[in-house]
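Down below is the structure, laid out as structure tokens.
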Protein chains: 2
Amino acid sequence: MRLTQYLRALNALDTQGVERTSSGVLAEAAGVNPAILRKDLSLLGSYGTRGVGYVVRELADHISRTLGLDQDWRVLIVGAGNLGRALSGYAGFRSRGFHVKAMLDSDPDLVGHRVGELVVRDAAELGAVVTEQQINIAVLAVPGAAAQPLVDQLADAGVKSILSFAPHVIRAPRGVEVRRVDLSTELQILAYHAVRNDLETGQGPLSGLGTEA
Amino acid sequence: MRLTQYLRALNALDTQGVERTSSGVLAEAAGVNPAILRKDLSLLGSYGTRGVGYVVRELADHISRTLGLDQDWRVLIVGAGNLGRALSGYAGFRSRGFHVKAMLDSDPDLVGHRVGELVVRDAAELGAVVTEQQINIAVLAVPGAAAQPLVDQLADAGVKSILSFAPHVIRAPRGVEVRRVDLSTELQILAYHAVRNDLETGQGPLSGLGTEA
DNA sequence: CACTGTGAATGAGTTCACAGCT
DNA sequence: AGCTGTGAACTCATTCACAGTG
């Protein structure tokens, strides 16, 4: 999503005290082509001023609202392993309106332990926790095989947005958005490119193949 | 990269004792269209048998080689915070040929501490560590602002593949592949979709906008 | 005869280029 | 004069549909 990049660039400009900017400058900062930036923004309904450009603060606010960053997101982390714990403390979340409200694990040895300000609760309580904490986003930091059942349970509990770190293809129930981040896959893609570059120096016959994870 | 998904699906089939498969079955398992799967595989030079299908093990090996998973990847993790530590212990890495060989941090309080089997070393030693440990992939788990200088240093040291978790747009030096995983961005994209679905139920006027992070 | 490999058709997303405001 | 907003051209990826083959 390019909007997030624009927002970052705008915030950077804002901190620097810049009040107005143009598609050229902003596109440069966000690392994209000016034309597509203008198209995105116009599509978004945002009004720049012809001959002048965009008002930084105004545009930033507008994008923030569009991204839903003005509302509070209540996050549940499932899996209290290393990754889950790292995520719960991740600074970038809080500052953008994402609040980690609860943490679950199925391992009895972990249940009851403190992680930061949270106490790990039993995965069996999933439904109750979602309701009680009014969770609207879940993050799965669990082994691959555990992911699908959890997604189904979360969907039943009414969670419509899930970010999964499990290395498994997931069937998302209707109306539920699942995004996957697979760390091994990211490294594999790097490895793949490294091999290609070493062997062929440049574009071999294999291009495309969906560069996305 | 779809190859990684095919490989996962193939390995799953292999463990189940399945010896042969078809583009239909495999595509289903990988969650893609059979046509593109065949196109990918043919492009890759792999030979299936018309009227029969693909030999699971053979194809899996072939893809593994193409992805460079038969060679050893020596990984350096920069940043020994929560995320860095979680990554260093991530089980999915080792099993796919990625070996974390060293860990750096610039915080003197962390330098010298053990993390798993590693001892955290000073970020100032970056060049030396890369050479000595023959690092070929680096993972950045550092605050946003620190990323760009580190990428430049890594590039100078000869590292050509970098995975960054820093929330910053990065200028990749020539010949260096940088992939970014931005956790906040992932959540923002989810939040964005959640808002859209709530308000408009379905495809509003805003589609496209580069669904990739 | 079933299933691969692939040219041709479609479609999505990006870039160009310029008309239209301010 | 300068910069946005946008139709039209283009590029790249995906899907269709079928000829070719074991």
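Just so we're on the same page: letters track the sequence lines, and every chain starts at 1.
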Side chain of Ile36(A) only, heavy atoms from C-beta on: which candidate in dC3(C), dT22(C), dT14(C) is closest?
dT14(C)
Has Glu28(A) got more than 12 heavy atoms of other residues, nucleotides or ligands less than 6.0 Å from its CD?
no
Between dG7(C) atom P and Leu43(B) atom CG, what is the distance in whole Å?
12 Å
Given dT14(D), dT6(C), dT4(D), identify the nucleotide with an atom nearest to the side chain of Arg38(B).
dT6(C)
Check whether any side-chain nitrogen or oxygen of Arg20(A) sits under 4.0 Å from OP1 or OP2 of dC3(D), and answer yes or no.
no
Look at the side chain of Ser42(B) and decide which nucleotide, out of dT15(C), dG5(C), dT15(D), has an atom nearest to it.
dG5(C)
Given atom CG of Leu26(B) and atom C1' of dT4(C), what is their separation to the nearest angstrom?
13 Å
Would you find more than 12 non-hydrogen atoms of other residues, nucleotides or ligands less than 6.0 Å from Arg20(A) atom CZ?
no
Quickly work out the Arg2(B) CZ to dT15(D) C1' distance and round it to whole Å.
12 Å
Considering heavy-atom distances to DNA chain C, does Val32(A) or Thr49(A) have its closest nucleotide positioned more toward the 5' end?
Val32(A)
Between dT22(C), dT4(D), dT4(C), which nucleotide has the shortest distance from any of its atoms to the side chain of Ser23(B)?
dT4(C)
When rounded to whole Å, the CG to P distance for the pair Asp40(A) and dT14(C) reads 8 Å
Could you check whether Asp40(A) pairs with Arg2(A) (Lys NZ or Arg NE/NH1/NH2 to Asp/Glu carboxylate O, under 4.0 Å)?
yes
Any side-chain heavy atom of Asp72(B) sitting closer than 4.5 Å to one from Asn136(B)?
no
Name the closest nucleotide to the Ala35(B) side chain, picking from dA17(D), dT4(C), dT14(D).
dA17(D)
Under 3.5 Å donor-acceptor pair, Lys39(B) side-chain atoms to dT15(D) base atoms
yes
Closest contact, heavy atoms only, Ser184(A) versus Phe98(B)
O-CE1, 4.4 Å
Among dG5(D), dT15(D), dT6(C), which nucleotide sits nearest the side chain of Asn33(B)?
dT15(D)
Below 4.0 Å: OP1/OP2 of dC3(C) and any side-chain N or O of Tyr47(B):
no
When only distance counts, do a donor and an acceptor, one from the side chain of Arg50(B) and one from the base of dG20(D), lie under 3.5 Å apart?
yes
Taken to the nearest whole Å, CG/Leu37(A) to P/dT4(D) is 9 Å
Would you say Tyr54(B) reaches dG22(D)'s phosphate, i.e. side-chain N/O to OP1/OP2 under 4.0 Å?
no
Rounded to the Å, how far apart are Leu41(A) CG and dT6(D) P?
12 Å
